[in-house]
Amino acid sequence: MSRALMPNLLTPQDLEPDWRWEGRLPAWGHTSVDFERRIDHDRLRRYRLARTRQALQASNAGTLLLFDVNNIRYVSATKIGEWERDKMCRFCLLTGDDAPYVWDFGSAAMHHKKFSDWLVPDHCRAGVVGMRGTIPPEFGLMQKYAKEIAGLIRDAGMGDMPVGLDYAETSMFHALKAEGLNVVDGQQIMLAAREIKNWDEIQLLTQAASMVDGVYHMIYEELKPGVRENDIVALSNKMLYEMGSDDVEAINAISGERCNPHPHNFTDRYFRPGDQAFFDILQSYQGYRTCYYRTFNIGRATPAQNDAYVKAREWIDASISMIKPGVSTDKVAAVWPKAEEFGFPDEDSAFGLQFGHGLGLALHERPIISRAVSLDHPMEIQTGMVFALETYCPAADGYSAARIEEEVVVTDTGCEVISLFPAEDLPIANRY
């Protein structure tokens, strides 16, 4: 029987990330072929489960109970569509060295028994709890499944150890405690597991970024008066789904006087000649996310707009130059301007503008890089981390602004940028 079909039998080799730092990071085609070694999904699944078990063993907990769909996918390699993301309708249990249990939405459990042969069939179970309160607690489902979960934990010999829970409905917390379980923070355990990406995760992140490269070329060609912010959002969604995206989480489209302060959304505003406009494309390929800003001007640019772009570029280049193994996040945050230096009263008000964050199955993973948190609570940057680094600079005209974001993979000696649409200089779309 193959190792892929024995999910509770992992070896130390499964923790190996299999990095290959020689040469440029490849972005493979998106289909399987016999003539190139592309994504090894069995290796990916074993690595993620092994990382989770390692993080669990390093904690004081004996079990992980997961409702966060990113964690469920990381541990069990199951996903039933983006509609599940905010429903709290699925959950997963990992107890010690046992294979993961997955309680799924109705027929999805039968589907996984049939097609997800890396799971133990008896561990694929149908079940539902509260669905964000739409199934009232008095129906008793939470008590029913809390009792089942507690029984499995005790059968595994972990009844006396804490249970790491990432998040759950309040009534589920109470039901678990009523079963005598000591619930602790499991999200930090999972985030620790997910910090270091193996070669397959890095390839999926690079493939996802290559899709956004193409979308930005389309945006560059389409930006002109008579087109609206939401038109660009629609065109980008269409193109991404045609390219194989499994979720377009959001596309920020900001232009003209909406650039300052940054509103983080899009409207039906028409682009006008001379507008500065910036975009953020947040989408995923096989679950792995992008967070990738670019700024353009439409037809022409003023000296104030160019100056803002140059400053944003200088700030992001300074942070990229700091990303290497062994550097702490406070050192990276320190190269960015203080909030007061670009028009904000404090770091909380400027949070997310000079910013870095881990990138993986979630948009925001550890570590976070920000002057608001990193200066007093630094974390060490390690090989195999993947970051999105973003800067923002308001223009002197009072309403324009530049926003740049680059995705970087931490290699053994430094980092490599995988967001490749040109951003060294301010792009002028449809120049007059």
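- Using a cut-off of 4.0 Å between Lys/Arg side-chain N and Asp/Glu carboxylate O, R269 and E257 are scored as salt-bridged.
- Between the side chains of S349 and D346, at least one donor N or O lies within less than 3.5 Å of an accepting N or O.
- Here the CD atom belonging to E314 is positioned 12.0 Å from the OH atom belonging to Y309, to the nearest 0.5 angstrom.
- Considering only heavy atoms from C-beta on, W21 comes within 4.5 Å of T383 through its side chain.
- Using a 4.0 Å cut-off between a side-chain N of Lys or Arg and a carboxylate O of Asp or Glu, R38 and E36 qualify as a salt bridge.
- Each side chain to side chain donor-acceptor pair (under 3.5 Å) pair with one or both residues in residues 169-183, not counting sequence neighbours, would appear here, but there are none.
- Checking N71 against Q187 by side-chain atom types alone, a donor-acceptor pair falls below 3.5 Å.
- Inter-residue side-chain proximity for R53 and L49 is flagged as met; some heavy-atom pair is nearer than 4.5 Å.
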- Intermediate values then yes/no, side chain to side chain contact (heavy atoms under 4.5 Å, CB included), L64 and V75: CA-CA 10 Å; L64 284 166; V75 170; 5.7 Å; no
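- The pair D122-R125 meets the salt-bridge criterion, since a charged nitrogen lies less than 4.0 angstrom from a carboxylate oxygen.
- A side-chain N or O of E229 and one of S255 form a donor-acceptor pair less than 3.5 Å apart.
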- Task: For L353 and F344, run side chain to side chain contact (heavy atoms under 4.5 Å, CB included): C-alpha distance rounded to whole Å, both residues' side-chain angles, the deciding distance at 0.1 Å, then the answer.
- Result: CA-CA 10 Å; L353 297 180; F344 289 83; 3.4 Å; yes
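- Residues L389 and Y293 have side chains not in contact (no heavy-atom distance under 4.5 Å, counting atoms from C-beta outward).
- Using a cutoff of 4.0 Å between basic side-chain nitrogens and carboxylate oxygens, E365 and K197 are scored as salt-bridged.
- Looking only at atom types and distance, the side chain of Q188 has a donor-acceptor partner in the side chain of R366 under 3.5 Å away.
- Using a cut-off of 4.0 Å between Lys/Arg side-chain N and Asp/Glu carboxylate O, R51 and E195 are scored as not salt-bridged.
- At most 12 heavy atoms of other shown residues, nucleotides or ligands fall within 6.0 angstrom of atom NZ in K311.
- Distance check, rounded to the nearest 0.5 Å: CZ of R132 to CG of D86 gives 5.5 Å.
- Ion pairing between R85 and E249 fails under the 4.0 Å rule for side-chain N and carboxylate O.
- Checking side-chain atoms of T329 against main-chain N and O of P378 turns up no donor-acceptor pair under 3.5 Å.
- By the salt bridge (Lys or Arg N to Asp or Glu O under 4.0 Å) test, D280 is found to be paired with no residue, residues two or more places apart in sequence or in another chain being considered.
- Counting heavy atoms from C-beta on, the side chains of I254 and P263 come closer than 4.5 Å.
- R48 forms a cation-pi arrangement with Y74, by the criterion of a distance under 6.0 Å to the ring centre and an angle within 45° of the ring axis.
- The closest side-chain donor-acceptor pair between D246 and S284 falls under 3.5 angstrom.
- Going from atom CE of M211 over to atom OG of S236 covers 12.0 Å, rounded to the nearest 0.5 Å.
- Remark: E424 does not engage R313 in a salt bridge, criterion side-chain N to carboxylate O under 4.0 Å.
- Taking 4.5 Å as the limit, some side-chain heavy atom of Q207 sits within range of a side-chain heavy atom of H30.
- Cation-pi check for R294 over F421 is not met; the charged atom does not lie both under 6.0 angstrom from the ring centroid and within 45 degrees of its normal.
- The pair E16-R43 does not count as a salt bridge, with every side-chain nitrogen at least 4.0 angstrom from each carboxylate oxygen.
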